[in-house]
Amino acid sequence: MTFDPILAEKRFGYGLSPIAELAPATSAAEVLARVRGPDDMAMRFPVEGFSTFRERLKTAQAVQRRARRAGTQVAKAEADRQQKALQRAARQGERAWLWQVMMRRVWTRDGFRERLTAFWGDHFTARGKVGVLKRASVPYIEDAIRPHILGRFEDLLASAVTHPLMLHYLDQAQSVGPNSIRARRKEGGVGLNENLAREVLELHTLGVGGGYSQRDVRQLAELLTGLSYTVEDGRKFRNRFAEPGAEEVLGQSYGGGPARMADIRAVLRDLARHPTTAQHIARKLAVHFIAETPPADLVAALVDAYRDTEGDLSALYQVLLTHPAAMTPQQQNLRLPAEYMAASMRALAVAPEVYHQFGRGRQREQFIVQLFQRPLAVMGQPWQEPLGPDGWEEADASWLTPQGIAGRLHWALEAPVRLRPDLPDPRVFVESALGPNAPETVRFAARAAENRREGIALVLASPAFQRR
């Protein structure tokens, strides 16, 4: 297999850029070296981590308490004003982080890192459901996902599954063991909740049809009781919520002594190292990066790497980049909407200053809403709002809908001129975006376009650009 830098940049990154300093890596080894190097984009385009975001939650909680205790209409009105101000600030923050995430993808030399962060963030989907917490997805990914994409899967699993946002999203925080101290003393609570346990088995580790039973779900749910969080402390283990006694998951016993966090870490470690998890993760990586129906020998090679290294993700990436399937010339996978936008902006070399020219406030928000949030929703991928914990669909059929295609075409025609008023010559852009082997049909369309706006749109709307 001969490594093709241009194909690799499309398939494993966010596509080509006309900026010389952002030239593709020349080997699989260089791709991996860039991922293992400093996280330059996180420093250049910072976003708020969850540890910082939690200060917003603390303030919001304090305001809510004041609102409940307010004795006069004036005090209640003031508390309501403060709550709205906090929610507005969080909303503005979320929109600013969207731009920063896009800029990372546009200006990175390390597109594989950004793709991996998006992939694992989707695998471990978590969303806030109320108030300020609705804006927490990007901070969650920044803290729980991004630092762990090169380590062992078990560490990434533990970081995501025990994160406060995941505990909130899957209703784990108030899960109470039926024989726990809290239940016996009738101190309230919602009872045992199986959501997190089920998704850990079905989505995060073994996968659908992974050989677990309803009893395994129930036992794991009981073992997870006690795992909770508070706004003040973050993740917290509450012994009073925890089910006493040993639990058995997939034939392995955990606990039996005093309830403790160590038992939860143990079951997550064992699930991460399970052979069925190796199969599930290997196939999911192959589907996302290579093809909707990946070659069986690629999946097998990824499974072997996973088992041989006990889930060292770097070893899987090495296989993914060096397997013959990695350089299959046919570009099979359709870019999802957010990826399509980022690749378009990268090909146009959209400057970070475009966003900052609006100063602050409503104009900035409208810029993000009009060019990103609203179009993404039309294309079927509203920003950080998948319909469920299984994240976004990979199948092309989920995206090749009349509305989705129309949304892409409209964006290709309207957005570039606002993102870069000095549009490049389409005859030059076609090679910047697609490389020297750009199809002659696309080159002809770029030459024949009546103006630059339409020429750029034709390139971005072409099947050659839509796929990787």
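The residues of the chain are indexed from 1 along the displayed sequence. For the numbers below, each heavy atom of this structure counts, side chains included, while hydrogens, waters and symmetry mates do not. Because the structure is a prediction, the values reported are computed rather than measured.
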Tell me, with the steps shown, if W120 and F153 meet ring-ring contact (aromatic ring centres under 6.0 Å, His included). CA-CA 10 Å; W120 290 117; F153 180 70; 5.8 Å; yes
Taking only Lys NZ, Arg NE, NH1 and NH2, and the carboxylate oxygens of Asp or Glu, determine whether E9 and R346 approach each other closer than 4.0 Å. yes
Does any pair with a residue in residues 32-72 pass ring pair (Phe, Tyr, Trp, His ring centres under 6.0 Å), and if so which ones, sequence neighbours excluded? F50-F53, F50-H163
State which residue, out of R467, Q466, Q332, fulfils the side chain to side chain donor-acceptor pair (under 3.5 Å) condition with D396. R467
Considering only NZ, NE, NH1 and NH2 on the basic side and carboxylate oxygens on the acidic side, decide whether D39 and R44 come within less than 4.0 Å. no
R105/E114 ion pair, N-O < 4.0 Å: no
More than 12 non-hydrogen atoms from neighbouring residues, nucleotides or ligands closer than 6.0 Å to NZ on K84, yes or no? no
Is there side-chain contact between V138 and E94, with at least one heavy-atom pair below 4.5 Å? no
Salt bridge check: are R152 and D155 linked by an N-O gap of less than 4.0 Å? no
Over 12 foreign heavy atoms within 6.0 Å of CZ, R91: yes
Step-by-step ring-ring contact (aromatic ring centres under 6.0 Å, His included) determination, Y229 to F237: CA-CA 7 Å; Y229 76 93; F237 190 79; over 10 Å; no
Hey, are R66 and E78 close enough for a salt bridge, meaning a charged N less than 4.0 Å from a carboxylate O? no
Applying salt bridge (Lys or Arg N to Asp or Glu O under 4.0 Å), can you list everything that pairs with R184, at least two apart in sequence or on another chain? none
Contacts of H288 that satisfy ring-ring contact (aromatic ring centres under 6.0 Å, His included) - sequence neighbours left out: F119
What distance separates L371 CG from M345 CE, expressed to the nearest 0.5 Å? 8.5 Å
So, do K236 and P164 sit near enough that their side-chain heavy atoms are less than 4.5 Å apart? no
